[in-house]
Amino acid sequence: MEFSMWGCLLLALFTASIGVEGIDRRGARTERISGSAGDVLDDNPVGKLKVYVYELPSKYNKKILHKDPRCLTHMFAAEIFMHQFLLTSAVRTLNPNEADWFYTPVYSTCDLAPNGLPLPFKSPRMMRSAIQLISARWPYWNRTEGADHFFLVPHDFGACFHYQEEKAIKRGILPLLQRSTLVQTFGQQNHVCLNDGSITIPPYAPPEKIMSHLIPPDTPRSIFVYFRGLFYDVNNDPEGGYYARGARASMWENFKNNPLFDISTDHPTTYYEDMQRAVFCLCPLGWAPWSPRLVEAVIFGCIPVIIADDIVLPFADAIPWEEIGVFVAEKDVPYLDTILTSIPVDVILRKQRLLANPSMKQAMLFPQPAQSGDAFHQILNGLARKLPHDKRIYLKPGEKVLNWTAGPVGDHKPW
Amino acid sequence: MKQLAALQQQGRRSNSFRSNSSPLDATVDGAIKSPATIFWLFLHGLCCLISLVLGFRFSRLVFFLLFSASPSPSTTTIYSALRTTLPAISSPQERNVSADGAGSRVVVGRHGILIRPWPHPDPAEVMKAHRIIERVQAEQRSQYGVKNPRTVVAITPTYVRTFQTLHLTGVMHSLMNVRYDLVWIVVEAGGTTNETASLIAKSGLKTIHIGVEGKMPLLWEDRHKFESRMRLHALRIVRDKKLDGIVMFADDSNMHSLELFDEIQNVKWIGTVSVGILAHSGGSEEGDLLMRETHADEKDEKKSQIPVQGPACNASGNLAGWHTFDTQPFVERSAIYIGDRAVVLPRKLEWAGFVLNSRLVWEDVEGNPVWVKDLVEIGKDGEDIESPLSLLTDTSVVEPLGSCGRKVLLWWLRVEARADSKFPARLLELLSFSTTISETSLLLYIWIIDPPLDITVPAKRTPWPDAPPELPAYVEKVTTIPENTEKRPAKSGSKRKRSSRSKRKHNVKVLDIRASTKQAGDN
């Protein structure tokens, strides 16, 4: 597929990139990742693509949000904010004939349980119903069977629409979405729920809350390794071994007595401030490999230690995560202290300089209203990089590729 | 059969993750009730009951016992809380689903919890981590901290007395931790002595040790004046030697925060910081100290719990006046002479709260501002210079530091023993010996009681109240002793700061009690 070729080319360009030092406004020494293709994070997508936003009945979006406003603050809120951004963005076009990409605003992750976690059981039916609507009302879906459409599916395993990995794998990506571009938070190599050509995005973290907890940058970083969160999910996996593939439990058992590791299950009110006082922040997998900790670590300048085998990180084709974070294999967790202390100091300082780059931090956030270089623009950049569309996606009239009857029987029920 | 049931048990548990979703779950998965399912359910219930009775997870135990004969290679160096992979024979019910058919190495399912054989910190690695942290902090300082740090010139007036070692060591250690270049001018009353010289030599700092003629006076009033003279003398040294940097006054009994030294780097000509006053240092009778803050325009007076001396700013952040220590409540009770057990009062504005650019005291420097007087004109008639403000013609140019005095960066304290109290001298012979051996201090303190005590009396309060007192054989005598010893603690309390000769030890020997009753009788 030509899209993956583009992706590989860009990846190759950036692995051969050189860092250029510069002084930013505040006098902090930052480093910019630049390659021969230019600084991708600062690209302006306006003018490079046109997006047409389908007008769906409000039962797909507004009514759902109205029923539960908690959807605006949880970590899956990106789908709602992306819709709001696109409605007022300069890339939006009201003429679908000149559009490069088509966006369908379906809030599939907004059906919340009382405890706030989204229930994905109706999402496949909702998605199917929306696609049936747009394919009936507009001709653009049938033209390409969705190959120039993109959807936001920020749930645990993306378009597999289940929170449990085994069930998600069994379901696979919703058959109707197989040709579309999926913008999702989940990313793991060679996984059923990640299509080639998907765009991985960071989970939503509330920008105002984060910015209100900033401390002066001259506060010395005195914590070596910092982590707050569960090690054992006692409700669902009391024995351990399932949750996080045993990695979090291993972290706890090996390092609970280590003075360098400030790890616990506390919920301190100074969580953000403590992250700014730490050199390394652990970002292990949980039930899914991604977590908002990565976003928080990047914004607070704490080097993320990513413990998730084969994970695909947000905007992996634009951000060189290898140079910014530390990757530790899950089987190496018992030797985490050796690994971290044997990193040369100048490598650590370089990572901190890269993290201090404001465009890096901006790319992880979804600010309201949108600012240049933020995650919304990175998504558009990603979509722009996939242009122009391959001629082969346009089907001949009458040609059908998608199987509308595939998938579990329960999915075919109307929503 | 049991292992299959156990597997089923594990499999079932993974189904019950979110209980509120079970009806929907059933419709999605399309589960069908059949005799087989009922049978498995029954077995599951049986196994649950057995677990309940036995009190542990016997499924794990069964696995461990049955399959411990075939260890996987990865467990030789790493102890696994559970086997990493389930054996192939039980595969039909197994939940080890591969994420993708095509060569993914990530396996979904139950994994072992890897624990290394010695899950404790390695000291070498802890040291490496600390060095990393130091380097990171140094980098932070160079990026966000003071850009061109200036030398700090610390002026400390001191004199040889009981608590000199205590106070001077405190200041010394604070100054040793300062990250900037430092020059320490130690001014000593009564001329330089080997005592003080040996003490400050341990610091490793660049020191200038000068003496001022005249013994330190006994009364606090006079002592404050004498100390001002000593500081002026030190300022003359700064002028003569043309020391460049920031001059701060580190009195030897004060406590300095390291943030103070970072903050004073911001001073341009003359600045002032807030000084916390710990005036209730004498005895324990004083209650809370209240201080009335008086602003320059006397607008409002608030009572504050923490007495602080320092700048007062108006709304725009400019200096509007000074907070001083209100001495009104203590006028009658204040300490008169050194060693008095009353409250020692600070002066209106302590020298310690001011920092100067050393160029202010240099002679004939062109860049100096017009409002500074020449150093030689001040104090030459022996008048009392209360604070460095006397150096200025216009006091409004003083810069308030520490976010306009809101941060208290040092604490003023005066604690002294009685002027005639004895204290151990340093063994000077070992001083020359120790300078050849690098850091190890061989200076010993030996409290020698000469002549040795021949009479001891049991104290009323022993330091270990829980330890039962050993009852002597002469029980009837014991009852009289406590009454007589009641007088002792009061007396020895007032002589607490006297020499050790009056120290009494509790001794339970029979002979001594007899002797002590005699002693009590005599008194």
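Quick note on labels: first sequence line is chain A, next is B, and so on, each numbered from 1. Worth knowing before you read on, the calculation uses all heavy atoms, side chains too, and leaves out hydrogens, waters and symmetry mates.
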### Message
Restricting to non-hydrogen atoms, name the atom on Glu166(A) and the atom on Gly109(B) that form the minimum distance, rounded to 0.1 Å.
### Response
OE2-CA, 4.3 Å
### Task
Below 4.5 Å from any heavy atom of chain B, which atoms of Tyr232(A) appear? Answer side chain, backbone, both or neither.
side chain
### Task
Apply side chain to side chain donor-acceptor pair (under 3.5 Å) to Gln137(B) and Ser222(A), showing your working.
CA-CA 8 Å; Gln137(B) 288 184 2; Ser222(A) 47; 4.9 Å; no
### Message
Between Lys128(B) and Val345(A), is there a side-chain heavy-atom distance shorter than 4.5 Å?
### Response
no
### Query
Is there side-chain contact between Pro259(A) and Pro121(B), with heavy atoms separated by less than 4.5 Å?
yes
### Message
Nearest 0.5 Å, please: how far is NE2 in His111(B) from OH in Tyr243(A)?
### Response
14.5 Å
### Query
Closest heavy-atom contact between Thr341(A) and Ile132(B)?
O-CD1, 3.8 Å
### Message
Within the supplied structure, the quantity of interest is the number of heavy atoms (other residues, nucleotides, ligands) at a distance under 6.0 Å from Glu259(B) CD; does it exceed 12?
### Response
no
### Query
Under a 4.5 Å heavy-atom cut-off, does chain B meet the side chain of Thr219(A), its backbone, both or neither?
backbone
### Task
Find out whether Arg221(A) and Ile133(B) are in side-chain contact, i.e. whether some heavy atom of one side chain is under 4.5 Å from a heavy atom of the other.
no
### Query
Of all heavy-atom pairs between Tyr144(B) and Pro217(A), which one has the smallest distance, and what is that distance?
CD1-O, 3.4 Å
### Message
With a 4.5 angstrom heavy-atom cut-off, is it the side chain or the backbone of Gln140(B) that approaches chain A, or both, or neither?
### Response
side chain
### Task
With a 4.5 angstrom heavy-atom cut-off, could you sort out which part of Phe261(A) is near chain B: side chain, backbone, both or neither?
neither
### Message
Among Ser342(A), Ala247(A), Ala249(A), Gly241(A), which residue has the highest count of heavy-atom pairs closer than 4.5 Å to chain B?
### Response
Gly241(A)
### Query
Between Asp337(A) and Arg116(B), is the closest basic N to carboxylate O distance under 4.0 Å?
yes
### Query
What option among Leu260(A), Asp218(A), Asn254(A) has the most heavy-atom pairs under 4.5 Å with chain B?
Asn254(A)
### Task
Look at Asp346(A) together with Arg135(B) and state whether they make a salt bridge at an N to O cut-off of under 4.0 Å.
no
## Note on the structure
In this structure, CG of Leu114(B) is separated from CD of Glu330(A) (nearest 0.5 Å) by 9.5 Å
### Message
Only pairs of heavy atoms separated by less than 4.5 Å count here; which of Asn257(A), Leu340(A), Leu349(A) has the most with chain B?
### Response
Leu349(A)
### Message
To check you understand the geometry: which heavy-atom pair defines the closest contact between Val107(B) and Arg245(A), and what is its length?
### Response
O-CD, 3.7 Å
### Task
Calculate, to the nearest 0.5 Å, the distance between atoms CD1 and CZ belonging to Ile113(B) and Phe231(A) respectively.
12.5 Å
### Summary
dist Ile348(A):CD1 -> Glu139(B):CD (nearest 0.5 Å) comes out at 12.0 Å
